[in-house]
Every structure is written in structure tokens, then in C-alpha cells.
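To start, the structure itself, in C-alpha cells.
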Amino acid sequence: MKLIQRALLLAGISCVCLHGENVRAQNISDRYTGAQIQRDLDSLAKWIIAIHPSPFVHCSSLEFEAAIESAKSTFAGGGTLYGAAQMAAKICGVLKDSHTGVALQSFSNQLGATYGHLPLEIQTVNNRLIVTTSAGNTKFIGSEIKLINNVSARSILGGALALVSQEGDAALARLRMSEKLWNDIAPFASGIGISDSVKVQYASGQTEILPILKNQEMQGWNAIKSHAIPISWKEIQEDNRITIVLKIKHFHPENIRTFRKEIKACFTRIYTLQSSKSDVEFSGLVIDLRGNSGGHIAIMAELLPYLTTSPVALPSGVQIKASEEARKRWGTGRFGLVRKTSYLMNLKALKSTLNRMANDSIAFVSFDYTIRPHRRFAYTGTAALILDGLSASATVSMASWFVRSGRGETFGEPPMGSVSGTFGNPVRLALPETSLAVNIASARYFTQTPVRWEARPLLVDHPVTPTALDIKRGTDSVMEAALYWVSQRKSIVP
């Protein structure tokens with residue numbers, strides 16, 4: 001609870017520090033008239049009403065209309081791309097749906113084409129902004145950052161917070177997303193641009209000069225520092241006990257065959273370790289879903305057969321709203337040959353229902369085809385699940401089942417969603433004047449029967465957040481806590 005209060009305090013302090021136009025310099029080409037911004041906001045509001053299945057589950061229609069009028073009047077005289085994005089986020093923000101808002105990666109590239117990016121990342125720890133990754137001197141990793149070209153680093157974070165949609169009451173998750181956007185708006189906020197350099201000042205009084213990177217250069221830097229493959233697992237042995245750690249970065253279907261192969265290999269190894277007669281005992285499994293922003297629900301469903309011994313209905317059902325944009329989001333292609341008992345039959349039924357519906361109508365599609373346990377390698381032993389504020393969407397659905405079924409205990413931070421479900425299947429559209437990309441949820445996934453909806457994020461059993469010293473030393477206190485918990489329990493032999 002203290003962690004969330006600190007996050008809210010930081011958000012409150014920071015948001016008053018940076019407004020869309022309060023920057024030290026402006027690029028003359030980065031300017032839109034008030035009429036252009038207002039036309040974009042009108043389009044956004046119209047799309048939300050047409051596409052979103054439940055826009056007023058967290059707010060009233062009056063609050064939504066008030067946000068539209070406030071946003072339109074704020075930059076009636078014109079503004080920058082950032083200002084336009086801030087107003088789009090203001091309208092989306094009242095919905096409290098992380099799937100509906102400014103498409104942050106697209107915005108980062110669009111803003112970065114003019115202003116560039118700062119190759120330095122931060123995380124908030126005890127209300128301090130701590131450097132986690134830097135293209136500069138690595139001695140500053142774990143240090144508190146104060147100023148960027150004499151502009152408050154916290155005020156820049158406040159500017160990022162103004163662009164990020166919050167899922168229900170998941171304030172900490174919103175803060176974590178804002179931290180990822182921080183270095184993308186830092187050049188704009190400090191009045192510099194591509195090919196410039198920037199002075200970074202730390203709380204210690206030390207300073208260093210960092211370059212501003214172009215989009216392509218920043219993509220290369222990100223690729224180098226985040227080289228982790230989508231799914232991997234490893235064995236960790238301590239004394240005479242072995243724990244397996246399964247890391248899944250996302251549930252996107254880029255290479256479903258590799259995903260299935262690695263999942264099966266992991267649980268085959270668990271089965272072998274449990275059956276072994278050696279002196280080395282198997283402790284259990286740690287599933288690490290930190291930073292996993294979700295993906296396709298059917299990919300997430302590939303994991304569950306190995307964790308359950310009884311059929312699982314996840315989600316219990318989906319609420320959809322018919323629109324041309326939603327139909328395009330689901331595509332026109334067929335699913336191909338699908339077994340009559342396959343989990344994919346749920347998606348086939350959903351798509352079929354959507355295609356039959358009249359525009360602006362709403363339907364609830366029950367997921368009657370359950371996820372069935374694996375015949376041989378279903379694991380029933382000790383399991384821990386690690387989450388953070390960036391765990392979202394399909395990952396929250398997975399975590400919800402894990403918690404509600406009593407499958408194990410959770411570690412880390414509350415994810416971006418509640419135990420009752422999340423919105424999903426966002427439609428991406430480009431606003432006509434600024435070309436700003438926005439996402440609008442087209443589905444609402446319920447994880448519980450009877451159907452209910454909560455704003456409070458899923459709370460982990462063991463809240464653990466890395467300290468500044470952890471970041472400096474490169475230690476993973478969250479993983480250490482999960483491994484210790486698993487080691488204190490004896491896994492069930494099949």
C-alpha cells in the first residue's frame with residue numbers, strides 16, 4: 001500500500017510541473033492549429049463511442065463529455081504534437097482502460113523524428129528517479145537523477161504520466177509505463193533535438209553529457225540492451241535442490257511453433273526432475289512474467305495445460321461491440337482446420353458472432369471450450385508467479401486464474417489490471433490532422449463467473465520492488481524472494 005501511495009504522490013507532484021507547451025524551445029514545424037487539434041479530438045471521441053464495448057464502466061457519459069470539452073478548449077489557439085497527444089490522452093484517461101489511449105510506441109517514433117531520444121532509462125524507487133540503463137558512464141546506474149539540461153527530471157516524468165492511460169485503479173502500473181516513455185519526451189521537454197547533446201545532472205552533483213539519438217539509433221540501442229528472447233527457461237541449483245525459472249516476455253504469435261516447443265521442453269524437464277531418483281531434489285517452478293504486456297489470448301492458453309489438472313475456462317467470456325473497425329481488427333481470414341474440441345473454437349465463435357451482428361450492437365460470447373490439462377506433463381507442484389507494473393492484458397488474465405485457483409503465490413508488483421478481467425483487442429487508428437496513432441479497445445474479457453468487474457488491481461502476495469542498491473549491483477531481489485519461497489516447499493512427485 002505504501003508503494004502505491006508513493007506512486008500517487010509522485011504522479012500528483014509531477015503532473016503540475018510540465019504542461020504541453022511549457023518547454024524551453026519549440027520546433028516551428030511541430031505546430032498544429034487549434035482547429036486541427038479539435039477536429040482530431042472530435043474524431044477520437046466519435047471512434048470511442050463507435051468501437052469501445054463499455055466506455056462508461058469506470059466513468060459516466062457526463063465525465064466523458066466534460067473531458068472532451070476541456071481538452072478542446074485547452075489548445076484552442078494551437079499546440080505541438082505533444083500537446084495534441086496530451087489532450088487525446090486526457091479524453092481516453094477518463095475511461096480508465098489501458099487499451100484505449102495514445103499508441104505510445106508510435107508516438108515515441110513520431111516525436112522522436114523531430115526531437116530524438118535520450119539513451120537513459122529510469123525507475124522510481126522511494127519517490128526518487130533511479131537510473132537503470134544508460135549509454136553513458138555505467139557508474140551512474142543506481143544513481144538518482146535530478147536534471148536534464150536544467151529541467152527537472154521529475155517534471156519530465158509528469159509529462160509522460162499525462163500521456164499514459166490507467167487501467168482501473170492501477171496507479172503503479174501507469175507510473176511504470178510512464179517511466180518507459182520518460183526518455184522519449186526528455187529531449188522535447190528540455191528544448192533540444194536530434195544531433196544535440198544533453199547535460200544530465202545527478203543528485204550527487206556529478207554531471208555527464210549524453211548524445212540525443214535518432215529513431216533508428218535508438219532502436220539499435222534498445223535492441224542491444226534488451227536482447228532477451230521471447231521465451232526461455234533455465235535451471236537454478238542451490239545445494240541439493242533445483243528450481244526451474246520460466247521467463248515469458250510476451251504472448252504474441254510471432255513464432256508459435258517455437259513457443260510450444262520451449263513450453264513443452266520446460267515441463268518435460270520438470271517431469272524428468274520430479275521422477276529422478278538422484279540426491280538432487282526438484283523444488284518447484286518460478287514463472288517470470290515481468291514486462292509481459294500480453295498478446296494473444298490463445299498463445300497464453302498454450303501455457304495453462306501444463307499448470308492445471310482440471311479444465312479451465314479462461315476467460316469465462318468476452319463482451320464485443322460490432323463495428324467495421326472491430327471486424328477489420330479480427331481480420332477476414334479463416335481459422336483453418338480447427339478440432340471441434342479445440343480452445344480456438346471460442347475465437348471462431350467470437351468472430352462468427354461479430355460478423356453477424358449489426359453495427360453498434362453488443363453481445364457476450366461465452367468461452368465454452370475449455371483449456372484442458374496436458375495428458376502427461378501437467379505440473380501440480382510448487383509454483384510462484386512474478387509480476388510487475390508492466391504485466392498487462394493476457395498476462396493479467398493468466399495471473400487472475402493463478403490467484404483465484406490457488407495455484408501458487410505471487411511476487412513483485414500489482415499488474416496492469418484486476419482479478420476480474422481486462423479490456424483487449426485494441427483497434428489502431430490515426431487521427432486525421434496530426435496522424436497521431438491511438439488505440440481503442442474493441443473487447444472486454446471477463447475472467448470470472450458470475451461476471452463481475454473491479455477497478456482495483458490484482459494484489460500480489462509478496463510485494464517486492466528493487467531498491468536503488470539492487471539496481472546498482474544488478475541483483476534481482478524479486479527473483480531471490482520467489483526462489484527462497486519455492487525452496488522452502490517440497491514439490492509433489494508425479
Sole residue of D184, I185, N183 in side chain to side chain contact (heavy atoms under 4.5 Å, CB included) with L118: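 The single option meeting the side chain to side chain contact (heavy atoms under 4.5 Å, CB included) with L118 is N183.
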Residue pair N439, V427: steps toward the side-chain contact (heavy atoms from CB on, under 4.5 Å) verdict: CA-CA 5 Å; N439 293 324; V427 171; over 6 Å; no
L344 vs L347, side-chain contact (heavy atoms from CB on, under 4.5 Å): CA-CA, chis, key distance, verdict: CA-CA 5 Å; L344 290 176; L347 303 181; 3.9 Å; yes
Would a 4.5 Å heavy-atom cut-off, applied to side chains only, mark [X] and [Y] as touching?
| X | Y | result |
| --- | --- | --- |
| W182 | L161 | no |
| S487 | E238 | no |
| R428 | S106 | yes |
| F64 | I49 | yes |
| L436 | Q110 | yes |
| T138 | I141 | yes |
| V438 | W47 | yes |
| H58 | L95 | no |

Where the side chain of [X] meets the backbone of [Y], is there a donor-acceptor pair that is under 3.5 Å apart?
| X | Y | result |
| --- | --- | --- |
| S405 | W401 | yes |
| T395 | N292 | yes |
| E262 | F259 | no |
| R444 | I320 | no |
| S361 | M357 | no |
| N425 | A443 | no |
| T475 | S477 | no |
| S316 | F446 | yes |

Search all heavy atoms of [X] against all heavy atoms of [Y] and return the closest pair with its distance.
| X | Y | result |
| --- | --- | --- |
| P414 | L172 | CD-CD2, 3.9 Å |
| L104 | L163 | CD2-O, 3.8 Å |
| P373 | P311 | CD-N, 4.1 Å |
| P53 | I362 | O-CD1, 3.7 Å |
| T410 | L459 | OG1-O, 4.3 Å |
| L285 | F282 | N-CZ, 4.2 Å |

Please report the interatomic distance [atom1]([X]) to [atom2]([Y]), rounded to the nearest 0.5 Å.
| X | Y | atom1 | atom2 | value |
| --- | --- | --- | --- | --- |
| T308 | Y379 | OG1 | OH | 13.5 Å |
| I145 | E121 | CD1 | CD | 12.0 Å |
| S391 | I386 | OG | CD1 | 10.0 Å |
| I91 | S165 | CD1 | OG | 11.0 Å |
| I122 | T133 | CD1 | OG1 | 10.5 Å |
| Y369 | T341 | OH | OG1 | 9.0 Å |

Which residues share a side-chain contact (heavy atoms from CB on, under 4.5 Å) with [X], sequence neighbours left out:
| X | answer |
| --- | --- |
| E409 | F411, D461, H462, W485 |
| T467 | L469, D470 |
| K234 | I236, V245 |
| A326 | S323, L354, S442 |

Tell me, please, which residues at least two apart from [X] pass ring-ring contact (aromatic ring centres under 6.0 Å, His included).
| X | answer |
| --- | --- |
| H52 | F423 |
| Y484 | none |
| H374 | Y306, F377 |

Worked verdict on S283 versus R241 for side chain to side chain donor-acceptor pair (under 3.5 Å): CA-CA 6 Å; S283 295; R241 302 182 72 86; 2.9 Å; yes
L246 and F267: CA distance, side-chain angles, deciding distance, side-chain contact (heavy atoms from CB on, under 4.5 Å) verdict: CA-CA 10 Å; L246 173 62; F267 286 93; 4.2 Å; yes
By salt bridge (Lys or Arg N to Asp or Glu O under 4.0 Å) - contacts of R290 (at least two apart):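 Result, salt bridge (Lys or Arg N to Asp or Glu O under 4.0 Å) vs R290: D288, D476.
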Listed partners of R473 passing salt bridge (Lys or Arg N to Asp or Glu O under 4.0 Å), at least two apart: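 Counting only residues at least two positions away or on another chain, R473 forms no salt bridge (Lys or Arg N to Asp or Glu O under 4.0 Å).
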Distance-only side-chain donor-acceptor flag, N215 / H117, under 3.5 Å: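 Present: a donor and an acceptor within the cut-off.
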Residues R174 and E167 bridged, charged N to O under 4.0 Å: no
Carboxylate-amine/guanidinium proximity below 4.0 Å for E325 and K328: no
Any salt bridge (Lys or Arg N to Asp or Glu O under 4.0 Å) pairs touching [range], not counting sequence neighbours?
| range | value |
| --- | --- |
| residues 96-112 | K96-D169 |
| residues 379-393 | none |
| residues 299-324 | R260-E302, K321-D360, E324-R327 |

Whether over 12 other heavy atoms sit under 6.0 Å from Q237 CD: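 It does: Q237 CD has more than 12 such atoms within range.
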Stepwise side chain to side chain donor-acceptor pair (under 3.5 Å) test for S393 and H99: CA-CA 8 Å; S393 195; H99 292 80; 3.0 Å; yes
side-chain contact (heavy atoms from CB on, under 4.5 Å) between L390 and M177, worked out: CA-CA 7 Å; L390 298 174; M177 284 296 296; 3.5 Å; yes
Derivation of the side chain to side chain donor-acceptor pair (under 3.5 Å) call for T124 and E179: CA-CA 8 Å; T124 307; E179 292 165 352; 2.7 Å; yes
